[in-house]
Amino acid sequence: MAVLEARNLVVDIPGREGGHAFSARVLPGQRWGVLGPNGAGKTSLLHTLAGLRPARSGEVLLDGQSLSGLTRRAVAQKLAVVFQERQDSFPATVLETALVGRHPFLSPWQRESAEDLRLANGALERLSLSLLKDRLVSTLSGGERQRVSIATALTQQPAIWLADEPTNHLDLHHQVAVMALLNQQAEQGAAVFMCLHDLNLAARWCDHILLLFPDGELCFGPADTMLVPEVLERLYNQSLSVTTVNGKPVFVPA
Ligand SMILES: Nc1ncnc2c1ncn2[C@@H]1O[C@H](COP(=O)(O)OP(=O)(O)OP(=O)(O)O)[C@@H](O)[C@H]1O
């Protein structure tokens, strides 16, 4: 288990003056959803929390230690990032790609162990990718590639998941399967922080919501206090109709 903390964090968005500070702790078992329109800064926030881009001010702490003082390897032993789109720089099979999730735990010349292989194969199985494990990732469909990204993160066994639109490219069945997987990870003590565009997935699967407005304004709290139609209409500049299914709000563009 691990705790990720943003302390007076101002994300550096090029061309945007000033910035609103974000201070919060993402705790084991929590499932955060970040919502906001295109360009609001969701990916930039996620990458700043991962230590992949410098903050304008403030800091990010992983288990109480500033990310800036930790090696990437130490960070990756606790925290996995699922990127929105990933360009693969060299040809690799699905299994080889999933095994990259074990690299933070291996020394530079150390080969993957039988246990590493077991974890990678288990992750591929969990994402229904076993039949594709010898295929080059470059030959996969968009949704299959997305599942490989998630399988790679799962192979990493992170205490903290930072996922940028994890359901990107996925059909309905796989969207639910991935959200159920992240939910299960949280139940087992991981902290999950994800950017989403689907309000209904957020309403069903997140317990904390962070709303990011185009000017950088932000607010966050328990999901039921954030998923308020009037606020979401202002967030997206879009009228919404709301109904309730199985006790959860369902939002439809009006
Ligand atoms: N390296 C960069 N150079 C210039 N502008 C950038 C850079 N990175 C991000 N931006 C700008 O910062 C803003 C926030 O981008 P970001 O990708 O974080 O938004 P987002 O909320 O994730 O959007 P989307 O919903 O479209 O994925 C955008 O206007 C983007 O064009």
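Start at 1 and go down the list; that is how both ligands and their atoms are numbered.
At least one side-chain heavy atom of Arg147 sits under 4.5 Å from a side-chain heavy atom of His174. In this structure the side chain of Phe251 reaches within 4.5 angstrom of the side chain of Leu227, judged on heavy atoms. Annotation: side chain of Met194 is not in contact with side chain of Trp32 (no heavy-atom distance under 4.5 Å). Contact of the Leu196 side chain with the Trp205 side chain is not registered, since no non-hydrogen atoms from C-beta on lie closer than 4.5 Å. Proximity of Thr97 to Thr93: side-chain heavy atoms (C-beta onward) are nowhere separated by under 4.5 Å. Side chains of Leu117 and Leu99 form a contact here, defined as non-hydrogen atoms less than 4.5 Å apart.
Of the candidates Ser44, Gly216, Cys195, the one placing a heavy atom closest to atom 18 (O) of ligand 1 is Ser44. Proximity annotation for atom 8 (N) of ligand 1: of Arg53, Glu165, Gln84, Arg53 comes nearest, heavy atoms only. Between Arg16, His197, Lys42, it is Lys42 that holds the heavy atom closest to atom 20 (P) of ligand 1. Taking all heavy atoms of Thr43, Leu45, Asp164, Leu196 into account, the minimum distance to atom 22 (O) of ligand 1 is reached by Thr43.
Nearest protein heavy-atom contact of atom 13 (C) of ligand 1 is Gly39 O, 3.5 Å. At the top of the distance list for atom 24 (P) of ligand 1, counting protein heavy atoms only, stands Asn38 ND2, 3.6 Å. Among all protein heavy atoms, the one lying closest to atom 10 (N) of ligand 1 is Pro14 CD, 3.9 Å.
Close N/O approach between Ile13 and ligand 1 is not found [any backbone or side-chain N/O within under 3.5 Å].
Within a 4.0 Å radius of atom 31 (O) of ligand 1, the protein contributes no non-hydrogen atoms. Inside a 4.0 Å radius of atom 4 (C) of ligand 1 there is at least one protein heavy atom.
Less than 4.0 angstrom separates some heavy atom of Pro37 from each of these atoms of ligand 1: 21 (O). Under a 4.0 Å criterion applied to the non-hydrogen atoms of Ala40, ligand 1 contributes the atoms 19 (O), 21 (O). Those atoms of ligand 1 with a heavy atom of Gly41 less than 4.0 angstrom away are 14 (C), 16 (P), 18 (O), 19 (O), 20 (P), 21 (O).
Salt-bridge formation is not detected for the pair Asp12/Arg53: no Lys NZ or Arg NE/NH1/NH2 atom is positioned less than 4.0 Å from an Asp or Glu carboxylate oxygen. Using a 4.0 Å cut-off between charged nitrogen and carboxylate oxygen, Glu115 and Arg118 count as a salt-bridge pair. Salt bridge status for Glu187 with Arg31: absent, with no side-chain N to carboxylate O gap under 4.0 Å.
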